[in-house]
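Here's the structure we're looking at; comments come further down.
Just so we're on the same page: letters track the sequence lines, and every chain starts at 1. Every heavy atom of this structure was used, including side-chain atoms; hydrogens, water molecules and symmetry mates were not.
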Amino acid sequence: MSALKLYDTATRTVRDFTPIKKGEVSIYLCGATVQAAPHIGHIRSGVNFDILRRWLIASGNNVTFVRNVTDIDDKILQKAVIEKTPWWAVAMKYERAFSDAYAALNVLPPTYEPRATGHITQMIELMETLISNGSAYAPGNGDVYLEVRKLKRYLSLSNQKLDDLLPAGDADETYKRDPRDFALWKAAKPGEPYWPTPWGAGRPGWHLECSAMAEAYLGKSFDIHGGGLDLIFPHHENEIAQSEAAGSDFAKLWMHNAWVTTAGEKMSKSLGNSLLVTEILKRVRGVELRWYLGSAHYRSMLEFSFEALEESAVAFRRIENFLNRAVEVLGKNSEPIISKEFTKLMDDDLAVPQALALLSESLKSGNSALTSGDLKKIAEAASHIRGVLSILGCDPFERAYAQSGNANLSEAMDGLIALLLEQREAARLRKDFSAADSIRDRITSLGITIEDTADGPRWSVT
RNA sequence: GGUCGGGUGGCCGAGAGGCGAGGCUCGGGACUGCAAAUCCCGCUACACGGGUUCAAAUCCCGUCCCGACCUCCA
């Protein structure tokens, strides 16, 4: 019995979430336009919605999760010219880059991951519907526009008035009945890729694909539509306009994640390469980046700095260290438990930051139990921590984060270090501390940390 | 111009009328041959000016500052 509440952009309130079909949740997330490698802002969206998805699953729902790939658009075509390569090669290259980033951050693969170019047929059908019912028009040049003045309602998501909008600057308005009408379909210019349609050869406008694909995979009505804040207008407004004009109910609830900012500003694509996921992953592991991106509330801006990232990674290693020690002491891993308190927090619009305070309590209690040797409490703490981490997608024991090392090699290493530690222990016993410290220093300089515990020394690679 | 979101301690980051989230840093202590790890204690804030209230970071009015969107955007 879920009491999940989520913030709905459409009503600007936190409200009860009830799926259309009990136990089944359908989500459409606007994915990447594959025109450049992902930076950490792009991937935050993936992480935030992955947390939502994991929570819905943990709450007993079957989740159908659709995340599209926009593999044709103006920027991809521009990039193809710059990179002197076909547009589809550009799209494929960056789609792979996104896939790699999602995988590195343990973002669950979507149930379906449709590409725009694979759904031209559905888009044409949608346009036919819109033209035949008078919502859209083809002025004859190959373009197809949606006539926004004819809509029963428009701009309800962003709460704007049509007449307040600034007129589009560089739009070629000669074919538009109103400057605010937007393109469903764009006529191909010479040299551009095109698909044939009853109105001429061209390619999809940006918004059409999401309406077409959402209906294809989720039907005329589905539970949650998500994306970044900047998609509210125009992208999501236009999706609503198209789909409603075509007779769909479309999304029941709208969720938008906030940005990763630098110096208070939205991360822009012209910022350079330093914040690309691949670059960040040279500094911290995937699980640590995910922990960082997931740790702020999804509707709060996350002010990025390398200091904050490093700090966050250190905090995560502390948790990981406890879990590893718990396994050593207990001889086995503790099963994740989702506590009532945690459930209450997550049900409250995914209150992750407060859940982290809860985790912090478990960590303290677990570490204390480790000192006192209270096995029951150690297991309890480990279970609660793993419960939280499993929802955040940061459980270090998850397969996505498993070390793919050479088993023989680590066994040999284990033996070698044990040998050194035995010598050090012998030196300590005879109070030859300078010999003991010199062994420790040598080991430390190789990047291995030695800790003396009540149960003897333990080592870990830093 | 319209719409939306912010300003919280040295830093990050929650909360949204009362009983001061949490983490990091810093200071002190316990433990330890030393270190590391861990635990305990301490430091304590809500942009500014008014107002409402027994009580305001939270509500209201005003001001300042920052950011986002307005047909390329996570």
Side-chain angles (χ1 to χ4, degrees), chain A residues 9 12 29-33 35-36 38-49 70 73-76 78 148 155 157-171 179-183 205-207 226-235 237-238 256-261 263-269 292 295-297 299-305 307-312 314-315 318 321-322 325 351-361 363-372 428 431-434 436-437 440-441 444 449-454 457-458 460:
Chain A
T9 307
R12 313 271 168 186
L29 173 64
C30 284
T33 298
Q35 48 98 1
H39 60 60
I40 58 174
H42 292 121
I43 217 73
R44 180 187 184 188
S45 180
V47 168
N48 283 159
F49 283 94
T70 300
D73 96 315
D74 293 351
K75 284 212 165 177
I76 293 172
Q78 287 170 19
V148 295
L155 307 176
L157 192 62
S158 59
N159 194 27
Q160 297 176 100
K161 294 192 183 87
L162 192 55
D163 295 319
D164 290 340
L165 294 183
L166 296 177
D170 56 343
R180 287 144 189 120
D181 290 350
F182 62 88
W206 176 31
H207 318 294
L229 265 182
D230 44 2
L231 297 183
I232 294 174
F233 184 87
H235 187 51
E237 291 287 13
N238 290 353
H256 293 93
N257 65 280
W259 298 297
V260 179
T261 54
E265 288 182 3
K266 177 185 177 183
M267 221 169 251
S268 85
K269 282 172 185 161
Y292 173 68
S295 64
H297 188 89
R299 286 194 281 121
S300 297
M301 301 292 174
L302 177 62
E303 174 61 21
F304 177 83
S305 71
E307 292 73 21
L309 175 70
E310 296 289 350
E311 191 176 276
S312 167
V314 169
R318 231 179 126 235
N321 193 34
F322 164 72
R325 290 193 63 186
V352 171
Q354 283 131 298
L356 297 187
L358 205 63
L359 188 151
S360 188
E361 303 278 312
L363 184 62
K364 248 179 219 172
S365 133
N367 275 325
S368 295
L370 224 35
T371 306
S372 65
R428 290 179 72 201
K431 308 250 186 244
D432 183 356
F433 294 120
S434 67
D437 288 350
R440 183 173 61 195
D441 291 346
T444 305
T449 303
I450 304 300
E451 292 167 40
D452 294 324
T453 75
R458 64 187 294 274
S460 53

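- Between B:C12 and A:Ser312, no contact under 4.0 Å exists linking OP1 or OP2 to a side-chain N or O.
- Between the A:Arg325 side chain and the A:Phe322 main chain, no donor and acceptor come within less than 3.5 Å of each other.
- A:Leu359 comes within 4.0 angstrom of nothing in the nucleic acid, heavy atoms only.
- A:Lys431 comes within 4.0 angstrom of nothing in the nucleic acid, heavy atoms only.
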Could you encode protein contacts along nucleotides 24-30 of chain B as a string, one character per nucleotide from 5' to 3', using B for base contact, S for sugar-phosphate-only contact and - for no contact, with a heavy-atom cut-off of under 4.0 Å?
S------
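- Comparing atom distances between the A:Asn238 side chain and each of B:G33, B:U71, B:A14 picks out B:U71 as nearest.
- Checked by distance alone, A:Asp163 brings no side-chain donor or acceptor within 3.5 Å of a matching partner on the base of B:G2.
- When the C1' atom of B:U71 is taken as reference, atom CG of A:Asp74 falls 11 Å away, rounded to whole Å.
- Using a 4.5 Å cut-off on side-chain heavy atoms (C-beta onward), A:Leu162 and A:Arg180 make contact.
- Remark: the A:Arg440 side chain and the B:A36 base include no donor-acceptor N/O pair separated by less than 3.5 Å.
- In this structure, A:His207 atom NE2 and B:C69 atom C1' are separated by 13 Å, rounded to whole Å.
- B:A36 atom P lies 12 Å from atom CG of A:Asp437, rounded to whole Å.
- With both ends at atom C1', the span from B:C64 to B:C48 equals 7 Å, rounded to whole Å.
- The phosphate of B:G1 has neither OP1 nor OP2 within less than 4.0 Å of any side-chain N or O from A:Lys161.
- A:Ser368 places a side-chain N or O within donor-acceptor distance of the main-chain N or O of A:Lys364, the cut-off being under 3.5 Å.
- Between the side chain of A:Arg44 and the main chain of A:Trp259, a donor-acceptor pair closer than 3.5 Å is present.
- Straight-line distance from the CD1 atom of A:Ile232 to the P atom of B:G5: 9 Å, rounded to whole Å.
- The CZ atom of A:Phe182 sits 13 Å away from the P atom of B:C72 (whole-angstrom rounding).
- Distance from the side chain of A:Pro353 is smallest for B:A21 among the nucleotides B:A74, B:C39, B:A21.
- For A:Asn48 (side chain) and A:Asn257 (main-chain N/O), no donor-acceptor pair under 3.5 Å exists by modelled atom type.
- Across all strands, A:Gly41 comes closer than 4.0 Å to base atoms (heavy-atom distances).
- Comparing B:G29 with B:A36, their P atoms sit 14 Å apart, to the nearest whole Å.
- When rounded to the nearest whole Å, the span between CE of A:Met301 and C1' of B:A74 equals 11 Å.
- A distance of about 14 Å separates the P atoms of B:G2 and B:U63, rounded to the whole Å.
- Between B:G20 and B:G15, the two C1' atoms lie 11 Å apart (nearest whole Å).
- Residue A:Gln160 places its side chain closer to B:G2 than to any other of B:G2, B:U71, B:G13.
- With distances taken from any side-chain atom of A:Asp73 to the nucleotides B:A74, B:C72, B:A21, the minimum falls on B:C72.
- B:G13 and B:C46: their C1' atoms are spaced 13 Å apart (whole Å).
- In this structure, A:Ser45 contributes its side chain and A:Gly41 its backbone to no donor-acceptor pair below 3.5 Å.
- Contact record, A:Glu237 with A:Leu157: OE2-N, 3.0 Å, taken as the closest heavy-atom pair.
- Here A:Asp452 pairs with A:Arg424, A:Arg428 under the salt bridge (Lys or Arg N to Asp or Glu O under 4.0 Å) rule; sequence neighbours left out.
- No side-chain heavy atom of A:Lys75 sits less than 4.5 Å from a side-chain heavy atom of A:Thr33.
- The separation of B:C59 from B:G1, taken at their C1' atoms, amounts to 29 Å, rounded to a whole angstrom.
- In this structure, the CG atom of A:Asn321 is 15 Å from the C1' atom of B:C39, given to the nearest Å.
- Residue A:Ala357 places its side chain closer to B:A21 than to any other of B:U71, B:A21, B:A74.
- Stretches of at least 3 consecutive Watson-Crick or G-U wobble pairs, with each checked distance under 3.5 Å, appear in RNA chain B as B:1-7 with B:64-70, B:10-12 with B:22-24, B:26-30 with B:38-42, B:47-51 with B:59-63.
- Proximity of A:Ser360 to the phosphate of B:G23: a side-chain N or O atom is located under 4.0 Å from OP1 or OP2.
- Following rounding to the nearest Å, A:His297 (NE2) and B:G5 (P) show an atom-to-atom distance of 14 Å.
- Taken to the nearest 0.5 Å, the CG atom of A:Leu363 stands 5.0 Å off from the CZ atom of A:Arg318.
- The 5' end of RNA chain B is approached more closely, in terms of each residue's nearest nucleotide, by A:Ala351 than by the other of A:Ser365 and A:Ala351.
- Atom name C1', nucleotides B:U3 and B:C41: the rounded distance is 49 Å, in whole Å.
- With hydrogens and angles ignored, no donor-acceptor pair closer than 3.5 Å exists between the side chain of A:Arg299 and the base of B:G5.
- Side-chain N or O atoms of A:Ser295 include one that pairs as donor or acceptor with a backbone N or O of A:Tyr292 at under 3.5 Å.
- The side chain of A:Asn159 approaches B:U3 more closely than any other nucleotide in the set B:A14, B:U3, B:A74.
- Side-chain contact, A:Ser158 with A:Gln160: a donor N or O sits under 3.5 Å from an acceptor N or O.
- For B:C34, the base has a donor-acceptor partner in the side chain of A:Asp452 [N/O atoms by modelled type, under 3.5 angstrom].
- On the P atoms, B:U8 is 14 Å away from B:U58, given to the nearest whole Å.
- At least one side-chain nitrogen or oxygen of A:Ser300 sits closer than 4.0 Å to the OP1 or OP2 atom of B:A14.
- The nearest heavy atom of RNA chain B to A:Glu303 and to A:Gly31 marks one nucleotide each, and the one closer to the 5' end goes with A:Glu303.
- Of the possible polar contacts, one joining the A:Thr444 side chain to the A:Arg440 backbone as a donor-acceptor pair under 3.5 Å is found.
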